[in-house]
Amino acid sequence: MKIYCSYNHEYHIFLNKVVKLVLNQYGSDLNISTLKEIELRDIDEFEIETDGRTFGNDKIKVTSRLYDLLPTLDIECLNENNDYKLLRKTIYHEMGHINDMAYMPNLYKCVFENIQKKAANINISTASLFWLEYKAEKRSSGFENVYDLEICDDFVDSEWMCSMSSFTEDFNDNNFCYLTKILPYFLARTTSGDIRQRYLAKIKNNVLLDYIGELDNELKSLETKGIFDDLDILNNLFGIIKKYENIFINIFSALQVENIKYFI
């Protein structure tokens with residue numbers, strides 16, 4: 001396997017050591033025989049903040065975001081460092097996607113084809129991506145007793161009064177596509193009833209609460225089916241996403257118009 005960072009030699013050496021540790025500890029639990037490359041890239045190259053992505057079933061790219069936060073690249077001094085634990089978790093999470101591609105190739109094919117087409121709107125691949133991210137995130141949630149809840153804190157602090165829907169622009173809490181992209185992570189990291197209820201109590205947006213409730217019920221139903229690779233099984237999940245896309249935009253677009261009239 002090729003493991004490299006082309007722009008920073010120290011990161012290159014560090015990445016190789018970290019990947020070796022992750023493989024030694026967790027590699028036997030995952031089917032990652034197709035994985036050929038892991039590359040570390042500068043976070044500034046990415047439009048949306050991310051720590052890692054898979055590219056097909058043979059390549060993982062991790063970003064420098066967490067690496068740039070480390071106080072040292074001496075692994076022996078990093079055992080209790082949270083950013084170090086999170087970057088290890090990222091590698092494990094992305095390896096989990098490689099593992100899942102072996103068992104759900106049709107679902108991943110749908111997602112990758114949609115990315116290549118640069119589709120801007122909600123479609124069945126959105127439901128597939130939602131399910132796959134939820135499964136991978138749930139697997140890695142609590143990795144080595146690291147519970148990264150910052151994304152959950154940010155999520156409930158946002159209003160999510162979504163009046164538009166696009167995968168290509170305006171990645172903020174006004175965008176239903178962005179909301180739907182974030183939700184699998186929120187749901188997977190708050191599977192514990194106590195944690196979920198603590199966060200839901202902070203949400204004032206009743207439409208969002210209804211959306212979360214319906215998604216949660218459907219995810220629980222899907223989990224009873226085990227591993228599957230049939231897009232038709234995701235039709236109910238897709239229906240929920242489309243239903244709430246219309247509800248959010250209808251309600252909050254109208255509210256936005258009323259606010260504009262008020263200030264005029």
Side-chain angles (χ1 to χ4, degrees), residues 41-56 59-66 68 90 93-94 97 107-134 136-137 150-189 203-205 207-212 214-215 231 234 237-264:
R41 302 289 292 267
D42 192 324
I43 184 62
D44 291 338
E45 297 179 20
F46 294 81
E47 185 177 359
I48 301 177
E49 185 174 287
T50 181
D51 292 331
R53 292 180 185 174
T54 55
F55 291 79
K59 183 168 184 175
I60 292 171
K61 289 183 183 180
V62 293
T63 77
S64 66
R65 187 185 77 85
L66 292 166
D68 294 340
T90 297
H93 175 92
E94 299 304 330
H97 278 303
L107 299 190
Y108 275 94
K109 180 182 178 182
C110 177
V111 171
F112 287 136
E113 287 180 348
N114 190 65
I115 291 173
Q116 290 173 350
K117 292 175 183 177
K118 297 182 179 179
N121 301 315
I122 298 287
N123 55 57
I124 188 61
S125 75
T126 309
S128 183
L129 178 60
F130 194 106
W131 173 243
L132 295 171
E133 286 293 355
Y134 174 78
E137 185 63 26
E150 182 179 353
I151 190 173
C152 301
D153 295 330
D154 292 340
F155 181 83
V156 298
D157 285 341
S158 300
E159 293 185 333
W160 300 112
M161 298 174 66
C162 303
S163 59
M164 52 89 68
S165 184
S166 172
F167 282 116
T168 60
E169 59 183 346
D170 295 330
F171 301 112
N172 54 49
D173 64 357
N174 189 47
N175 185 344
F176 180 81
C177 285
Y178 185 59
L179 165 62
T180 303
K181 180 178 176 62
I182 297 296
L183 267 170
Y185 301 97
F186 173 78
L187 291 167
R189 295 186 192 188
I203 297 176
K204 307 303 180 186
N205 185 331
V207 182
L208 177 58
L209 289 172
D210 290 343
Y211 187 30
I212 290 173
E214 290 201 34
L215 288 172
L231 277 168
L234 294 173
L237 179 60
F238 174 57
I240 291 168
I241 295 171
K242 282 299 294 183
K243 169 186 172 181
Y244 277 92
E245 179 185 36
N246 292 329
I247 291 173
F248 270 86
I249 291 176
N250 287 339
I251 290 176
F252 294 113
S253 292
L255 183 61
Q256 190 176 68
V257 170
E258 287 301 315
N259 287 339
I260 290 174
K261 288 180 179 178
Y262 176 80
F263 283 109
I264 289 176

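All of these numbers come straight from a predicted model, not from anything done at the bench.
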Novice: How long is the span from the CD1 atom in I60 to the CZ atom in F55, to the nearest 0.5 Å?
Specialist: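 CZ of F55 is found 10.5 Å from CD1 of I60.
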Novice: Just so I know, are the side chains of V207 and I251 near enough to count as touching, which here means a heavy-atom distance under 4.5 Å?
Specialist: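 Answer yes - side chains close enough.
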Novice: Just how far is it from atom NE2 of H93 to atom CD of E133, taken to the nearest 0.5 Å?
Specialist: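 H93 atom NE2 to E133 atom CD measures 4.5 Å (nearest 0.5 Å).
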Novice: Can you tell me if N205 uses its side chain to pair, donor with acceptor, with the backbone of E159 under 3.5 Å?
Specialist: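 Yes: the side chain of N205 pairs with the backbone of E159.
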Novice: Can you name the side chain to side chain donor-acceptor pair (under 3.5 Å) partners of T180, sequence neighbours left out?
Specialist: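 Checked T180 against side chain to side chain donor-acceptor pair (under 3.5 Å); matches are Y211.
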Novice: Locate the shortest heavy-atom distance separating I122 from K242; write the atom from each residue and the value.
Specialist: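 Minimum heavy-atom separation between I122 and K242: CG2-CD, 3.5 Å.
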Novice: Looking only at non-hydrogen atoms, find the nearest pair between L129 and V111 and report the distance.
Specialist: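 So the two residues come closest at N-CG2, 3.6 Å.
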Novice: So do L237 and W131 actually touch side chain to side chain, heavy atoms under 4.5 Å?
Specialist: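 Side chain of W131 against side chain of L237, heavy atoms only: contact under 4.5 Å found.
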Novice: Do I151 and R189 make a side-chain contact, defined as non-hydrogen atoms from C-beta onward lying under 4.5 Å apart?
Specialist: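 A side-chain contact under 4.5 Å exists here.
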Novice: Give a yes or no on whether a salt bridge exists between R53 and E94, defined as a side-chain N under 4.0 angstrom from a carboxylate O.
Specialist: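 No, no charged N to carboxylate O under 4.0 Å.
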Novice: Would you please test T54 and K59 for side-chain contact (heavy atoms from CB on, under 4.5 Å) and show each step?
Specialist: CA-CA 6 Å; T54 55; K59 183 168 184 175; over 6 Å; no
Novice: Within the structure provided, determine whether I182 and D154 are in side-chain contact (heavy-atom separation under 4.5 Å).
Specialist: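 No; the side chains remain at least 4.5 Å from each other.
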Novice: With sequence neighbours left out, what residues match K181 under salt bridge (Lys or Arg N to Asp or Glu O under 4.0 Å)?
Specialist: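 Here no residue qualifies.
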Novice: I need the minimum non-hydrogen distance between L183 and F130, along with the two atoms involved.
Specialist: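 Result for this residue pair: CB-CE1, 3.8 Å.
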Novice: Quick one: does F167's side chain get under 4.5 Å of N175's, heavy atoms only?
Specialist: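 In short, these two side chains do not touch, never coming nearer than 4.5 Å.
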Novice: In Å and rounded to the nearest 0.5 Å, what is the NZ to CD distance from K243 to E214?
Specialist: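 Spacing of NZ (K243) from CD (E214) equals 3.5 Å.
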Novice: Indicate yes or no: at least one non-hydrogen side-chain atom of F252 is less than 4.5 angstrom from one of N174.
Specialist: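 They are not in contact (no side-chain heavy atoms under 4.5 Å apart), so the answer is no.
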Novice: Nearest 0.5 Å, please: how far is OH in Y244 from CG in N250?
Specialist: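 Separation between the atoms: 13.0 Å.
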Novice: When rounded to the nearest 0.5 angstrom, what distance separates OG in S64 from CG in D42?
Specialist: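 Those atoms lie 4.5 Å apart.
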Novice: First locate atom SG of C177, then atom CD of E245, and finally report the distance between them rounded to the nearest 0.5 Å.
Specialist: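 Rounded to the nearest 0.5 Å, the SG-CD separation comes to 6.0 Å.
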Novice: So do the side chains of Y178 and D173 get within less than 4.5 Å of each other, counting heavy atoms only?
Specialist: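 Not in contact.
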Novice: Mind checking whether I247 and F176 have side chains closer than 4.5 Å, heavy atoms only?
Specialist: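 In short, these two side chains do not touch, never coming nearer than 4.5 Å.
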Novice: Looking at I124 and L234, what are the two nearest heavy atoms and their distance?
Specialist: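 So the minimum-distance heavy-atom pair works out to CD1-O, 4.3 Å.
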Novice: For the pair V62 and D51, evaluate side-chain contact (heavy atoms from CB on, under 4.5 Å) and give the outcome as yes or no after the intermediate values.
Specialist: CA-CA 6 Å; V62 293; D51 292 331; over 6 Å; no
Novice: With a 3.5 Å distance limit and no angle check, can you tell me whether S253 reaches the backbone of S163 through a side-chain donor-acceptor pair?
Specialist: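 Flag set: sc S253 to bb S163 pair under 3.5 Å.
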Novice: Just by distance, do the side chain of S128 and the backbone of C110 share a donor-acceptor pair under 3.5 Å?
Specialist: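 The answer is no, because no donor-acceptor pair under 3.5 Å joins these two groups.
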Novice: Show the nearest heavy-atom pair for residues I43 and T50, with the distance to one decimal.
Specialist: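 In terms of heavy atoms, the two residues are closest at CD1-O, 3.3 Å.
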Novice: Is the F155 to W160 ring centre distance short of 6.0 Å?
Specialist: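 Ring-ring flag for F155/W160: true, centres closer than 6.0 Å.
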